[in-house]
Amino acid sequence: YIPFVQTLSMSSTVHENVKNYYGSRLETSDDLQTNAACSMPSRTLPKSACEALKQVHPDVCKRYFGCGLVIPEKLEGCAVLDLGSGSGRDCYVFSKLVGERGQVIGLDMTDVMIVASQKYVQYHQEKFGYSKPNTVFVKGYMEKLSDAGIQNNSLDVVVSNCVICLCPDKRTVISEAYKVLKEGGELYYSDMYASKAVPDSFKEDPVLWGEGMAGALYWRDLITLMKDIGFSTPHLVAGSHIVVHNPELQRKTGDVKYASGTYRIFKIPQNSIKTKALVTYKGTVPDCAECFEFDASHYFKTNVPVEVGAEMAAILQNTRFSTDFNISMLETTGLNQSSTPQYCHLSPFLLADKLGSSVKQCSKTGH
């Protein structure tokens, strides 16, 4: 048990260290001490996302410090919140993908990053041909979204790219994300995970905090945390090993290994019917005409019926993907239909090993 006052004190100290690290110490992704900013995704970006990324201003991409892949499908018209928006790179990609009817909010606690990202709002509005901006950047903390003016049950998607690992109070961050999402909404985020519980000694090192290593969550704890708060089981989308470049940091971290993991988690209505189902993908998700790769374990081919578990059926039936599937619930008796996927399917380390992503190189352009 950690006293509330002690938690607040720790959060304040960490926030100040991280602000300094990303606000003044790091100029570009090349200044990071790991390959987190250029970990190769385990699947390719959709065509529309690639095209949008090409239109983002080069100066915005230059100060990109994220990890992994955080561009979920079917965003047209959605209200999206980016936690820890940094330079605004992902926000401007979302700005294009949600369209003029959609809305994008970038939240960051660092003044330097807010100023830097706001600088290019008009540039991207004109680049995308919008009559008015659909993107706004606000200063605030992930633990206090209401203080930043973000209303409960107002968002379709919450995303984050390698930022939650920088926060000492992850339960509050995830709880806040749950509150601001609409029923059927999605939390889709990439973060740094540890191969085991991180020692408390790591949390006294500002560089380990800045690099995300001190605050990285043991990946198994993610599943328990999400379920406790009310979310669905996390679905692993992508995973890659993170390599520590700095010999001093290698010495400090010892046998703790790190990986980037991208997960999608849903706020399923509490009263939703949970039973297995036969689902047939219609081929209607943009960029996914022949198949829809939902995550690393679920791959839906167009017009091919597939039996799915109770929770996956509830997700497909109660989210923005409901119109993209024909769903026939299967009658069952005496069975527990709220089964959770085995942990082996949820490990970013195992997925990275399977794909051999640790040996890939990158150019560190932020793309």
Side-chain angles (χ1 to χ4, degrees), residues 22 29 32 35-53 56 60-61 63-76 78-98 102-108 113 117 135 137 142 155-167 170 173-174 177 180-181 185-193 212 216-217 219 222 226 231 234-240 242 259-266 285-287 293-296 319-320 348 351-352 357 362 365-367:
Y22 284 85
S29 60
L32 288 169
N35 72 333
C38 59
S39 295
M40 301 296 288
S42 59
R43 65 176 183 174
T44 56
L45 283 171
K47 181 180 178 181
S48 59
C50 288
E51 292 301 315
L53 192 54
V56 176
V60 173
C61 293
R63 298 200 71 181
Y64 164 73
F65 303 121
C67 66
L69 173 71
V70 288
I71 303 179
E73 307 82 2
K74 198 178 181 182
L75 293 178
E76 179 74 31
C78 286
V80 178
L81 168 65
D82 184 5
L83 299 175
S85 51
S87 69
R89 191 206 75 159
D90 289 353
C91 284
Y92 288 125
V93 173
F94 297 133
S95 173
K96 176 68 172 177
L97 297 179
V98 303
Q103 178 190 19
V104 180
I105 304 170
L107 178 128
D108 204 280
M113 288 300 186
S117 54
T135 305
F137 295 93
M142 297 183 287
L155 300 166
D156 300 293
V157 181
V158 173
V159 300
S160 181
N161 201 336
C162 207
V163 172
I164 295 178
C165 61
L166 302 175
C167 175
K170 293 171 180 56
V173 172
I174 301 303
V180 299
L181 280 169
E186 178 178 17
L187 171 60
Y188 189 107
Y189 80 105
S190 181
D191 209 24
M192 186 183 293
Y193 294 94
L217 190 68
W219 70 269
L222 171 73
M226 290 294 176
F231 275 112
H235 289 259
L236 179 63
V237 176
S240 60
I242 289 176
S260 166
T262 301
Y263 291 90
R264 61 190 327 163
I265 307 107
F266 294 86
V285 174
D287 296 319
E293 190 176 352
F294 182 87
D295 61 22
T319 66
R320 67 186 186 282
L351 181 58
S357 57
C362 66
T365 60
H367 289 217

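One-based numbering along the sequence shown. Predicted, not measured: the structure shown is a model, and the values here were computed from it.
- Residues Pro72 and Glu186 are in side-chain contact: their nearest non-hydrogen atoms beyond the backbone lie under 4.5 Å apart.
- Taking every heavy atom of both residues into account, Gly106 and Ser85 meet most closely at C-OG, 3.3 Å.
- No side-chain heavy atom of Leu217 sits under 4.5 Å from any side-chain heavy atom of Trp219.
- Looking at Asp295, its side chain never comes within 3.5 Å of a backbone N or O of His235 through a donor-acceptor pair.
- The aromatic rings of Tyr193 and Tyr263 stand perpendicular to each other, their planes meeting at an angle above 60°, with 30° marking the opposite boundary.
- Side-chain atoms of Pro286 and Lys74, non-hydrogen and from C-beta on, do get closer than 4.5 Å to each other.
- Residues Pro348 and Ser260 approach most closely at CB-O, 3.8 Å, considering heavy atoms.
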Going through the checks in order, is the side chain to side chain contact (heavy atoms under 4.5 Å, CB included) test met by Ser48 and Leu97? CA-CA 7 Å; Ser48 59; Leu97 297 179; 3.7 Å; yes
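- The side-chain heavy atoms of Val157 and Leu75, taken from C-beta on, include a pair separated by under 4.5 Å.
- Put simply, the side chain of Tyr189 does not reach to within 4.5 Å of the side chain of Asn161, judged on heavy atoms.
- Taking all atoms of both residues into account, the shortest heavy-atom contact from Phe266 to Phe294 is CE1-CZ, 3.5 Å.
- The nearest pair of heavy atoms linking Ala352 to Ser240 is CB-CA, 3.6 Å.
- Between the side chains of Ser95 and Thr135, a donor-acceptor pair is found at a separation under 3.5 Å.
- The two residues Val70 and Ser190 make their nearest non-hydrogen contact at CG1-N, 3.4 Å.
- Counting only distance, with no hydrogens or angles, the side chain of Asp191 and the backbone of Cys165 share a donor-acceptor pair below 3.5 Å.
- The shortest side-chain heavy-atom distance between Leu107 and Asp82 does not fall under the 4.5 Å cut-off.
- Using a 4.5 Å heavy-atom threshold, the side chains of Leu81 and Leu181 count as separate.
- Here Phe137 and Tyr92 bring their ring centres to under 6.0 angstrom of each other.
- Not one N or O on the side chain of Arg320 forms a donor-acceptor pair closer than 3.5 Å with the backbone of Cys78.
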Run Val158 and Leu83 through side chain to side chain contact (heavy atoms under 4.5 Å, CB included) and show every step you take. CA-CA 7 Å; Val158 173; Leu83 299 175; 3.7 Å; yes
Could you walk me through whether Asp90 and Val159 satisfy the side chain to side chain contact (heavy atoms under 4.5 Å, CB included) test, starting with their C-alpha distance in whole Å, then the side-chain angles of each, then the deciding distance to 0.1 Å, before giving a yes or no? CA-CA 9 Å; Asp90 289 353; Val159 300; 5.9 Å; no
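- Side chain of Asp108 to main chain of Gly86: a donor-acceptor pair is present (N/O by atom type, distance under 3.5 Å, no hydrogens or angles).
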Give the C-alpha distance, both sets of side-chain angles, the deciding distance and a yes or no for side chain to side chain contact (heavy atoms under 4.5 Å, CB included) between Val237 and Tyr188. CA-CA 9 Å; Val237 176; Tyr188 189 107; 3.6 Å; yes
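- Residues Gln103 and Ile105 form a side-chain contact, since some pair of their non-hydrogen atoms from C-beta on lies under 4.5 Å apart.
- Across all non-hydrogen atoms, the minimal contact from Pro46 to Asp287 is CB-OD2, 3.5 Å.
- Formation of a donor-acceptor pair under 3.5 Å by the Arg89 side chain with backbone atoms of Val56 is not found in this model.
- The residues Glu51 and Lys96 are annotated as not salt-bridged, no charged nitrogen and carboxylate oxygen being separated by less than 4.0 angstrom.
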